[in-house]
Amino acid sequence: MSISVVLQQMGVIVILVAVGIYLYFRKIVDGTVSRKVSAIVMDICNPALVLSSILTGNITVNHKDLLSAILFGVGFYAILMVFGAVLPLMLGVKKDKRRFYNLMVVYTNVGFIGIPVAKAILPENAIIYVIVCNVMYCLLFYTHGITVLSNGKEKMNLLKVLSPGTLMSVFSLVVCWFKLTLPPILSSSISYIGNATVFLSMMLLGVSIARSDIIKGFKEIRIWGYIVIRMVIFPIAVFFILRAAGCNDVMVLSFALMAMMPVGNLPLIQSEKIGEDTETLSNAITVSTIVSVPTITALMVWFTTVIG
């Protein structure tokens, strides 16, 4: 992967996000449309993109690579759960807000943004590592995540773990493991649905940015502390630790990219559901998402240069 490819693909993403901003200000896409399209992307398009990536037959990972991906995925999220408890203390976050920062550390946007960005700028084999991160995300949020958010008051919802995204991700790993194929009519249909993901997800990201109170979020100093530590220093550490561990370049870049993702939407949605104050999460999502474009671009260019 060359530097020019990274810059070109991130430029494409910026243009697609700009389209979303334009559509919002032209009143073509409002909050209601955005919520409905978000459901389509999360439950239909994203899972289809994951599966279609496997069905192309261009994924060349073997069983050892797949097991390594799962092992590193488990370790990656185990570290994040510990880091999530520590970072709020490092930033001096008030006690009643620490759980939000805890969730911000662990549950970044590895699906809605991570999948299409990885698809755009990384080699095809990278999707395996992205899938593993998404499986871990879903398994943990409805167990660890809601427990942290509610201070132990909310019960774990194991049924919600079985979302379309989780099921399709697990199925994709099974397809990859056993080298399964589907009839052409099914694989082609899945491919067409998955191809809509990148545009729709980036367009919705633009709509979200256009709807938010950007100025207020940018004034929050602790959000900037979060961005520097979680979205810059942490990915750099992941990159060099995995390189030192002898991991292959695709795995290194994949986990480093997943470590760069901005704050995810699921903690915000769950907070709204149980009546929590969502200002901290909303501001963090907006600012981290905007800042993620230059940080992802700069770090991926640097990492590509290091790998050569």
Practice task
Would you check if L80 and T108 make a side-chain contact, meaning some heavy-atom pair closer than 4.5 Å?
Solution key: no

Exercise for the section: For Y107 and G145, indicate whether the former's side chain and the latter's backbone hold a donor-acceptor pair under 3.5 Å. Expected result: yes

Problem - Any V263 side-chain heavy atom under 4.5 Å of F100 side chain - result: no

Handout entry: Residue pairs fulfilling side chain to side chain donor-acceptor pair (under 3.5 Å) with at least one residue in residues 87-97, sequence neighbours excluded
Key = K97-D277

Exercise for the section: Start with the C-alpha distance between F218 and N283, add both sets of side-chain angles, then the distance that settles side chain to side chain contact (heavy atoms under 4.5 Å, CB included), and finish with yes or no. Expected result: CA-CA 8 Å; F218 271 83; N283 289 340; over 6 Å; no

Exercise for the section: Would you give the length of the straight line joining atom CE of M90 to atom CZ of F83, rounded to the nearest 0.5 angstrom? Expected result: 5.5 Å

Exercise for the section: To the nearest 0.5 angstrom, please state how far the CE atom of M136 sits from the CD1 atom of I70. Expected result: 10.0 Å

Exercise for the section: For the residue pair F76 and F234, categorise the inter-ring angle as parallel (less than 30°), tilted (30 to 60°) or perpendicular (more than 60°). Expected result: tilted

Problem - side chain to side chain contact (heavy atoms under 4.5 Å, CB included) assessment of C176 paired with S172 - result: CA-CA 6 Å; C176 184; S172 298; over 6 Å; no

Problem - Cluster link I290 to I296, ILVMFWY, side chain under 4.5 Å - result: yes

Problem - Inter-residue atom distance I128.CD1 - I54.CD1, 0.5 Å rounding - result: 3.5 Å

Problem - Shortest non-hydrogen contact from I146 toward S150 - result: O-OG, 2.8 Å

Exercise for the section: Grab the two heavy atoms, one from L200 and one from C45, that are nearest each other, plus how far apart they are. Expected result: CD1-SG, 4.1 Å

Practice task
Examine V207 and I40 and state if one hydrophobic cluster contains both, with Ile, Leu, Val, Met, Phe, Trp and Tyr joined whenever side-chain heavy atoms are less than 4.5 Å apart.
Solution key: no

Problem - Within residues 219-239 or reaching into it, pairs that qualify as side chain to side chain donor-acceptor pair (under 3.5 Å) - sequence neighbours excluded - result: none

Exercise for the section: Quick one: closest heavy-atom pair of N134 and V110, and the distance? Expected result: ND2-O, 3.2 Å

Handout entry: Whether F255 and Y129 hold their rings parallel, tilted or perpendicular, with breakpoints at 30° and 60°
Key = tilted

Practice task
Answer yes or no: is there a donor N or O on one side and an acceptor on the other, between the side chain of R98 and the main chain of V93, under 3.5 Å?
Solution key: yes

Fill in the blank from the handout: Nearest heavy-atom approach of P116 to G111 is CD-O, 3.5 Å

Exercise for the section: To the nearest 0.5 Å, tell me how far I115 CD1 sits from M258 CE. Expected result: 8.0 Å

Exercise for the section: Please check if the side chain of S52 supplies one atom and the backbone of I190 the other of a donor-acceptor pair under 3.5 Å. Expected result: no

Practice task
With rounding to the nearest 0.5 Å, note down the distance linking CZ in R211 to OG in S34.
Solution key: 5.5 Å

Problem - Main-chain N/O of S292 paired to T295 side chain as donor or acceptor, under 3.5 Å - result: yes

Problem - Qualifying residues under ring pair (Phe, Tyr, Trp, His ring centres under 6.0 Å), relative to Y101, sequence neighbours excluded - result: none

Exercise for the section: Treat each ILVMFWY residue as a node, draw an edge where side-chain heavy atoms are under 4.5 Å apart, and state whether I241 and V82 are in one component. Expected result: no

Problem - Test side chain to side chain contact (heavy atoms under 4.5 Å, CB included) applied to V105 and M81, step by step - result: CA-CA 8 Å; V105 170; M81 285 191 288; over 6 Å; no

Handout entry: Nearest heavy atoms of I113 and P262, plus distance in Å
Key = CD1-CG, 3.6 Å

Exercise for the section: Taking the side chain as every heavy atom from C-beta outward, state whether I121 and V117 have any atom pair closer than 4.5 Å. Expected result: yes

Practice task
May I ask whether I44 and V198 are part of the same hydrophobic cluster, defined by side-chain heavy atoms of I, L, V, M, F, W, Y residues being less than 4.5 angstrom apart, directly or through others?
Solution key: no

Problem - Pairwise distance CG(N248) to CG(N125) - rounded to 0.5 angstrom - result: 8.0 Å

Exercise for the section: Answer yes or no: is there a side-chain heavy-atom contact under 4.5 Å between V106 and V148? Expected result: no

Practice task
Taking the side chain as every heavy atom from C-beta outward, state whether L299 and F239 have any pair of such atoms under 4.5 Å apart.
Solution key: no

Return a table of donor-acceptor pairs under 3.5 angstrom between the side chains of residues 14-26 and protein atoms on other chains or two or more places apart.
{"from": "Y22", "atom 1": "OH", "to": "R26", "atom 2": "NH1", "distance (Å)": "2.6"}

Practice task
Indicate, with yes or no, if V250 and F240 share a hydrophobic cluster defined by side-chain heavy-atom contacts under 4.5 Å among Ile, Leu, Val, Met, Phe, Trp and Tyr.
Solution key: yes

Exercise for the section: Could you name each residue pair satisfying side chain to side chain donor-acceptor pair (under 3.5 Å) that touches residues 176-194, not counting sequence neighbours? Expected result: none

Fill in the blank from the handout: Across all chains, not counting sequence neighbours, the side chain to side chain donor-acceptor pair (under 3.5 Å) partners of D65 are none

Exercise for the section: Go through the steps to decide whether V287 and I227 satisfy the test side chain to side chain contact (heavy atoms under 4.5 Å, CB included), and finish with yes or no. Expected result: CA-CA 9 Å; V287 177; I227 289 171; 3.6 Å; yes

Problem - Sidechain-backbone polar pair: S282 side chain, E279 backbone, donor-acceptor under 3.5 Å - result: no

Exercise for the section: Check M104 against A284 and note the closest heavy-atom contact, atom names and distance. Expected result: CE-CB, 3.5 Å

